[in-house]
*Asks:* 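One structure coming up, written as structure tokens, with questions to follow.
Note on naming: letters A, B, ... go to the chains in the order of the sequence lines (proteins, then strands), and numbering restarts at 1 for each one. The structure displayed is predicted, hence computed values, not measured ones. The basis for the numbers below is simple: all heavy atoms, side chains too, and nothing from hydrogens, waters or symmetry mates.
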2 protein chains.
Amino acid sequence: MISMKEIAKQAGVSVTTVSKALNNYPDISEETRKRIIEIAKKYNYSPNFTARNLALKKSNIIGLVLSDIRETDSNGNIIYRLLIGAKNFCSDNDFELLIINTDHKKQKTKKLEQLCKERQIAGVIIYGLKISDPYFEEISKFKLPCVLIDISIEGNDNVTTVTTDNIKAVKEVINYLYLKGHKNIAFINGLREAYVSKVRELGYREALKGLGLKVRNEYIKYADYYEDVAYEKAVELLKEHPEITAIFCASDLMALGVLRAINDLGKKVPDDVALAGFDGIQLSEYVNPRLTTVVQDFKEMGRIAAQKLIKMLKNESVERIDYVPYVFRKRESV
Amino acid sequence: MISMKEIAKQAGVSVTTVSKALNNYPDISEETRKRIIEIAKKYNYSPNFTARNLALKKSNIIGLVLSDIRETDSNGNIIYRLLIGAKNFCSDNDFELLIINTDHKKQKTKKLEQLCKERQIAGVIIYGLKISDPYFEEISKFKLPCVLIDISIEGNDNVTTVTTDNIKAVKEVINYLYLKGHKNIAFINGLREAYVSKVRELGYREALKGLGLKVRNEYIKYADYYEDVAYEKAVELLKEHPEITAIFCASDLMALGVLRAINDLGKKVPDDVALAGFDGIQLSEYVNPRLTTVVQDFKEMGRIAAQKLIKMLKNESVERIDYVPYVFRKRESV
DNA sequence: CTGAAAGCGCTTACAG
DNA sequence: CTGAAAGCGCTTACAG
């Protein structure tokens with residue numbers, strides 16, 4: 001609870017001198033510096049960051065904005081890893097990480113700018129933002145440094161992106177399915193409004209074209225990242241198009257629903273229908289058969305995002321978009 | 001970026017008046033209040049909480065201290081739910097939640113008190129603390145309000161606890177196993193230093209006694225909450241004591257290891273060996289057979305912890321210990 | 001090398 | 001009903 005004022009009194013110097021001594025300014029005699037540090041230690045002094053930030057008109061607080069987060073465990077896994085990655089980097093660099101929950105509705109009520117101002121947030125990392133969200137619009141003119149995860153926006157130098165190279169990853173999956181003899185490959189995509197959905201669909205389409213296969217729109221379904229919806233869509237697909245021998249899902253969770261659907265239809269994975277997912281959630285390696293999937297490195301994504309944001313805060317130059325390495329894990333479902 | 005000073009200028013009043021108007025003090029004429037609020041809106045004013053907190057010498061920041069967290073997905077699930085629960089409650093009550101990572105080693109370097117002072121933290125919620133940790137000692141004389149999750153300490157009114165009624169839950173499991181005809185029930189416990197391990201073991205012992213069964217120390221193993229270690233311990237147990245027909249694990253993750261062990265020994269769950277876990281992680285309902293377990297409500301635990309801490313900060317009275325309801329989920333593994 | 005003074009954006013007892 | 005002044009704990013140009 002001791003303040004600089006108190007230390008100054010004890011040391012018989014001014015607060016200015018204490019501040020300088022404690023902050024390693026050069027223009028302090030070794031003798032007084034030592035004395036001051038001694039006293040600080042003795043009274044277990046720790047600086048008041050709040051006051052410091054106020055005086056400096058800057059802050060060391062980074063906001064991790066989570067938008068429209070579904071509180072499922074699969075999602076929890078992902079967010080937890082992002083969080084840990086970002087948090088660890090922040091800690092190592094004397095930044096604080098503040099979690100901010102929001103959703104489409106809340107975004108209409110209060111602007112991101114205001115949220116940040118109130119809390120003296122220096123910059124934000126955003127996850128879960130959709131193209132249709134109010135913040136998406138706001139971000140295009142945002143004045144604070146901002147790192148988007150899994151979504152991209154152009155024309156504002158304050159905003160950069162960290163993501164997986166979705167197109168490359170999806171192509172790898174589709175090419176592999178083709179290599180395994182599949183020609184009729186369906187695609188169960190996530191939420192239309194999600195940026196990654198668009199990109200993954202693009203990858204799917206390009207991959208098919210690259211292989212000389214026809215893209216059939218009937219083979220593409222949207223299950224909004226819900227396991228149950230994916231189940232339904234898979235049933236539809238397999239009933240209406242019995243020629244389908246492989247299904248690629250834009251998330252593992254959806255793939256689990258599809259797996260159930262295939263089983264319920266009396267078919268077997270991978271013999272009757274091959275199945276591949278995306279994300280690399282824990283469950284993917286515990287289900288039977290184990291799921292072939294693209295394992296994203298969310299912890300690293302969080303780390304890179306924090307690192308990038310801190311660089312931006314220091315006016316160091318960064319790439320507009322960074323791709324975090326993924327691993328295409330081939331398992332028994334294909 | 002506009003401040004009260006600016007608003008005051010625009011409105012032709014003093015900063016004092018602006019402060020009072022914006023904070024709904026009664027001694028302001030309706031007319032000026034309206035004018036000030038108008039201007040504040042027009043310029044999209046938002047208060048600087050940092051300055052506010054400094055002036056009031058209080059803070060609305062709560063620290064969520066995570067100690068020695070294993071970055072596994074199962075753990076991630078748990079922490080994510082705790083976090084969401086606490087975070088939601090904080091948001092609804094105008095408190096901020098700051099994540100703080102620590103571990104046994106870090107705890108030796110810097111006291112919790114100092115961590116809190118630096119960041120102007122009003123109180124803390126702590127998860128993952130062990131009896132052998134430096135903070136445990138410090139907490140016993142802690143001056144800030146503190147809510148411990150899954151660990152208890154007596155003699156300091158600033159410290160309270162939120163947990164599952166582990167003894168009751170464990171007894172329920174053991175009684176159920178007995179009801180299913182099992183008399184030789186082994187117990188694979190977690191980390192000795194963890195408070196919940198002690199309590200769950202107590203529950204196990206008491207349950208057996210209550211049923212008139214003998215407690216055999218050879219039936220109790222410690223796998224430190226590791227899946228792999230649990231695998232090894234299960235192999236030992238089943239080889240050395242073939243009469244064992246049921247194994248209860250202090251965590252689901254360990255139960256997964258045990259499940260593998262049983263399978264690898266050519267036995268079947270539940271016919272040869274019944275298996276029960278603890279926690280209710282997502283995997284517990286996806287494995288085959290699905291795991292009988294005690295489903296803890298971590299989100300609620302986080303919520304209650306935050307609620308309790310905020311009450312303590314407001315000097316309202318709270319229970320020394322709160323039990324969060326759990327659900328004993330009977331599934332095919334028993 | 002040291003310190004008085006002004007300032008960061010807010011609050012609040014006090015006087016008028 | 002309104003405002004000047006002091007204060008929260010810090011920093012930093014500036015003067016000596």
*Asks:* For Val15(B), report the nucleic acid contact type (base, sugar-phosphate, nothing); a contact means any heavy atom under 4.0 Å.
*Replies:* base

*Asks:* If the P atom of dC10(D) is compared with that of dC1(C), how far apart are they to the nearest Å?
*Replies:* 24 Å

*Asks:* Is the shortest side-chain heavy-atom distance between Cys116(A) and Phe142(A) below 4.5 Å?
*Replies:* yes

*Asks:* Should we count NZ of Lys110(A) as having more than 12 external heavy atoms under 6.0 Å?
*Replies:* yes

*Asks:* For Lys20(B) and for Leu54(B), locate the closest nucleotide of DNA chain C by heavy-atom distance; then report the residue assigned to the nucleotide nearer the 5' terminus.
*Replies:* Leu54(B)

*Asks:* I'd like to know if the side chain of Thr32(B) pairs up with that of Ser29(B) as donor and acceptor (distance under 3.5 Å, no hydrogens or angles considered).
*Replies:* yes

*Asks:* Which part of the nucleic acid, if any, lies within reach of Asp27(A) when heavy atoms closer than 4.0 Å are counted: base, sugar-phosphate only, or nothing?
*Replies:* base

*Asks:* Specify the residue among Gly12(B) and Tyr45(A) whose closest nucleotide of DNA chain D lies further upstream toward the 5′ end.
*Replies:* Gly12(B)

*Asks:* Tell me what Asn23(B) touches on the nucleic acid: a base, only sugar-phosphate, or nothing, going by heavy atoms under 4.0 Å.
*Replies:* sugar-phosphate

*Asks:* Would you check if Val162(A) and Lys308(A) make a side-chain contact, meaning some heavy-atom pair closer than 4.5 Å?
*Replies:* yes

*Asks:* Salt bridge or not for Arg81(A) and Glu300(A), using N-O below 4.0 Å?
*Replies:* no

*Asks:* Give me the distance, rounded to whole Å, that separates dG7(D) from dA4(C) when you measure between the P atoms they each carry.
*Replies:* 16 Å

*Asks:* Could you spell out the base pairing of DNA chain C as a dot-bracket line? Use Watson-Crick and G-U wobble contacts where both distances are under 3.5 Å, [ ] for crossing pairs, | for partners on a different strand.
*Replies:* |||.||||||||.|||

*Asks:* Just wondering, more than 12 heavy atoms not from Asp27(B) lying within 6.0 Å of its CG?
*Replies:* yes

*Asks:* Any ion pair linking Glu113(B) and Lys141(B) (charged N to carboxylate O, less than 4.0 Å)?
*Replies:* no

*Asks:* Output every pair passing salt bridge (charged side-chain N to carboxylate O under 4.0 Å, His left out) with a member in residues 311-321 of chain A, not counting sequence neighbours, ordered by first then second residue.
*Replies:* Glu154(A)-Arg320(A)

*Asks:* What does Ser3(B) touch in the nucleic acid at a heavy-atom separation under 4.0 angstrom: a base, only the sugar-phosphate, or nothing?
*Replies:* sugar-phosphate

*Asks:* Give me the first and last nucleotide of DNA chain D, going 5' to 3', that has any atom under 4.0 Å from a heavy atom of chain B.
*Replies:* dC1(D) to dG9(D)

*Asks:* Regarding Arg35(A) and Glu38(A), does a basic nitrogen lie under 4.0 Å from an acidic carboxylate oxygen?
*Replies:* no

*Asks:* Given that Tyr25(B) and Thr50(B) both sit by DNA chain C, which one's nearest nucleotide is further toward the 5' end?
*Replies:* Thr50(B)

*Asks:* Determine the contact category for Ser29(A): base if any of its heavy atoms lies under 4.0 Å from a base atom, sugar-phosphate if only primed atoms, P, OP1 or OP2 are that close, otherwise nothing.
*Replies:* sugar-phosphate

